[in-house]
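Whatever order the structure lists them in is the order used to number ligands and atoms, beginning at 1.
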Amino acid sequence: MGERTGSKKDIDGFRPPEDFSENAVVNDPDIYRRAEEDPEGFWEENANNIYWYKKWDKVLEWEPPHSKWFLGGKLNACYNCLDANLDTRADKAALIWESEDGDIRQYTYQELLDEVCKLANVLKDSGIRKGDIVTIYLPMIPEVIISMLACARIGAPHSVVFAAFSGDSLATRISNANSRLLITCDGYARRGKVVEQKNKVDDGISSIELLERVIVVKNSDNDISMKEGRDVWWHDVMNGSDIVCEPEIMDSEDMLFLMYTSGTTGKPKGIVHTTGGYMVATNTTSRFVFDLKEDDIYWCTADAGWITGHSYIVYGPLSNGATLLTYEGAPDYPEKDRYWDIIERHKVTILYTAPTAIRTFMKWGTSWLKMHDISSLRLMGSVGEPINPEAWKWYHENVGMGKCPIVDTWWQTETGMIMISPLPGVTTTKPGSATMPFPGIKAAVLDEKGNETAPGEDGFLAILEPWPSMVRTVFGNEERFIETYWSKWDNRTYFAGDGAKRDDDGYFWIIGRVDDVIKVAGHRIGSAEFESIMVSHPSVAEAGVVGKEDELRGEVIYCYVTLKTGAEESEELKKELRGYADKNIGPFARPKQIIFSDDLPKTRSGKIMRRVLKAIANNKDPGDVTTLQDPAVVDMLTERTRELE
Ligand code: 6R9
């Protein structure tokens with residue numbers, strides 16, 4: 001066990017500072033051994049931190065690849081995030097929120113509960129019942145958290161769609177989920193400009209008859225149109241709504257939410273998370289990994305539109321009674337010191353952000369940091385993509401002043417909880433490594449055949465045993481669930497889609513996606529989904545979309561395009577195609593390069609070989625290309641790609 005805890009003499013890394021360890025929520029390395037010997041017992045013990053109307057009859061039922069956790073248990077996720085805190089924390093700040101313009105709003109646990117109950121009653125009055133899926137399309141304003149919790153309170157699963165997605169992306173998700181109710185806003189500020197959110201909704205859903213009710217938060221001054229009988233203002237319906245709403249008693253395996261994410265093929269898939277296991281998992285990991293204490297000010301910079309916002313802004317931290325800080329705005333507005341300014345003013349103690357942000361701060365330089373006293377920080381986290389050792393060290397030295405432990409946390413929408421991460425009071429960290437699986441998690445690096453790779457050898461990251469917040473299915477598509485995650489080796493070994501290796505100390509090093517998922521600044525984008533949008537443009541015949549490594553953003557999108565007869569290659573068309581991606585997916589997915597080509601590398605059966613395109617984009621050896629329809633394409637594309645640099 002020494003290798004797990006860093007007590008082995010030859011581990012070269014950063015040990016947890018002694019004073020940190022002394023006071024840490026977890027400081028006994030023995031936790032790993034105990035959890036490994038009896039994982040169900042470990043989760044059961046931690047399940048007692050959650051309030052249950054009725055406790056479970058059985059911890060786990062594992063019928064690979066299906067698991068049920070805390071069978072027979074009854075609980076409510078919203079109750080656990082709010083009501084359960086009232087005894088000791090009614091007047092404690094649950095949420096401190098700051099807008100780009102500098103407005104600050106604060107909610108105590110009692111105040112947040114009142115707002116949530118009011119909205120829950122509004123939803124009920126709109127005909128929403130247990131099991132109805134509500135779509136939420138809001139930026140990081142307090143209403144997004146209120147909406148999620150109101151849904152959870154009445155047992156209506158939520159589907160939060162990242163606010164920067166296009167109206168069309170929203171529409172796809174609404175119809176897949178069969179949502180009758182949408183919560184959105186008029187607009188929101190980004191670097192001083194207004195993003196017209198409600199107009200995006202109207203563009204996207206004009207073809208959707210499904211929506212019966214759209215609740216619109218007034219958050220901006222832009223003009224919008226309200227559809228009679230369907231659209232209502234949030235402040236109107238909330239006005240006079242009752243602040244009492246009894247939570248719905250939910251079964252442990254009832255769906256808590258749907259989260260759409262991109263995969264290797266086709267349209268985004270709705271990842272289904274249920275209630276009991278998810279709450280236990282996010283509650284436990286929040287406390288152990290972020291070392292949450294009563295007086296912490298915890299800031300996770302993620303957006304509620306992604307899984308990190310669900311697990312580590314809303315459900316994990318609130319169910320621990322934490323004080324959240326959230327910021328709705330750009331990190332460089334009005335100046336590049338905005339984050340440090342926020343940390344100083346609000347005395348943030350824990351910061352959880354993404355490598356792409358850290359690399360950007362690095363580029364901007366330490367002078368912005370030096371303008372502020374950020375000594376309140378005591379722990380920092382990283383998530384979303386591999387963090388390069390250089391960025392890790394910069395973060396450690398400059399933001400953490402050499403004294404704050406860093407938790408590099410590997411996990412996914414599908415895992416629901418942090419799976420591989422240091423425990424900050426226990427684990428010796430190595431820059432660039434997510435270190436060790438969380439207690440109770442059994443991970444491995446396997447080769448194609450399912451054998452563990454030797455230290456230092458690349459392989460595929462796999463999870464060998466079930467965990468409480470594992471994806472239960474893909475909404476409406478069980479086949480895809482099995483095929484994507486449970487078909488690489490056998491039907492009981494989870495295939496994560498990431499490449500990884502372990503070192504001599506057993507530490508995990510995540511390399512990145514091995515499938516066709518691209519991570520641009522931490523945002524997850526599917527190649528196939530992107531390509532099908534590009535080919536819907538009237539000038540485009542075929543498209544091949546791949547990720548190219550990028551110093552700042554992790555990856556950027558290179559889009560290889562062949563044009564239809566009659567369409568002319570031009571700079572204007574490139575611009576138009578970039579804008580088309582913007583409009584149809586969202587600005588975060590804007591391709592860095594559009595590369596026109598007469599042909600794409602294809603197999604004899606006509607399938608585009610993204611592997612070859614990816615190698616070309618990244619200036620790597622494309623390997624054996626003799627099986628291509630036309631191997632000469634490779635040279636032509638290589639030349640065109642290199643011309644751009
Ligand atoms: C939480 C989240 C999941 C993919 C995952 C991997 C990458 C996330 C990482 C990391 C290396 C880390 N990823 N955290 N890679 N080190 N600490 O990001 O979920 O959006 O579903 O993406 O993100 O490639 O497979 P999601």
Side-chain angles (χ1 to χ4, degrees), residues 160-162 164-165 257-264 268-273 281-282 285-286 289 300-313 315-316 352-359 380-389 391-392 395 406-422 427 429-438 443 445 460-463 469-471 474 484-485 488 494-502 507-527 529 547 549 553-555 588-589:
V160 184
V161 178
F162 181 47
F165 267 117
F257 66 86
L258 253 187
M259 170 103 245
Y260 284 91
T261 190
S262 300
T264 304
K269 41 187 187 228
I271 299 301
V272 173
H273 281 293
T282 55
T285 44
S286 295
V289 173
C300 166
T301 67
D303 191 285
W306 304 104
I307 192 68
T308 307
H310 283 49
S311 300
Y312 299 109
I313 294 180
Y315 293 107
Y352 189 29
T353 193
T356 184
I358 298 164
R359 290 190 296 262
M380 290 126 45
S382 171
V383 63
E385 46 168 324
I387 179 165
N388 46 314
W392 194 104
Y395 196 31
I406 292 182
V407 286
D408 172 11
T409 61
W410 176 87
W411 60 294
Q412 310 176 298
T413 304
E414 294 87 342
T415 69
M417 62 170 261
I418 291 170
M419 301 292 278
I420 303 182
S421 162
T427 315
T429 50
K430 300 186 192 189
S433 166
T435 73
M436 287 291 164
F438 190 80
V445 177
F460 305 103
L461 185 59
I463 313 293
S469 57
M470 62 200 286
V471 45
V474 170
T484 312
Y485 308 110
K488 179 136 186 107
Y494 175 83
F495 171 61
D498 278 306
K501 60 185 168 195
R502 296 181 76 173
Y507 276 49
F508 284 74
W509 297 75
I510 316 294
I511 299 161
R513 301 292 304 197
V514 290
D515 53 8
D516 291 313
V517 168
I518 308 174
K519 273 250 156 166
V520 181
H523 299 328
R524 189 165 156 175
I525 295 163
S527 296
E529 191 189 342
E549 284 167 25
R553 298 167 75 77
E555 282 185 292
F588 58 92

*Stepwise side chain to side chain contact (heavy atoms under 4.5 Å, CB included) test for Phe257 and Ile307*: CA-CA 10 Å; Phe257 66 86; Ile307 192 68; 3.8 Å; yes

*Just by distance, with hydrogens left out, do Ser421 and Thr409 show a side-chain donor and acceptor under 3.5 Å apart?*
no

*Output the set of protein residues with a heavy-atom contact under 4.0 Å to ligand 1, ordered first by chain identifier and then by residue number.*
Ile307, Thr308, Val383, Gly384, Glu385, Pro386, Asp408, Thr409, Trp410, Trp411, Gln412, Thr413, Asp498, Ile510, Arg513, Lys519, Arg524

*Among side-chain atoms of Arg524 and Thr261, is any donor-acceptor pair under 3.5 angstrom?*
yes

*His523 vs Trp306 side-chain heavy atoms within contact, under 4.5 Å*: yes

*Please determine if Glu385 and Arg359 form a salt bridge, counting it only when a charged side-chain N lies under 4.0 Å from a carboxylate O.*
yes

*For Thr308 and Tyr352, does a side-chain donor sit closer than 3.5 Å to a side-chain acceptor?*
no

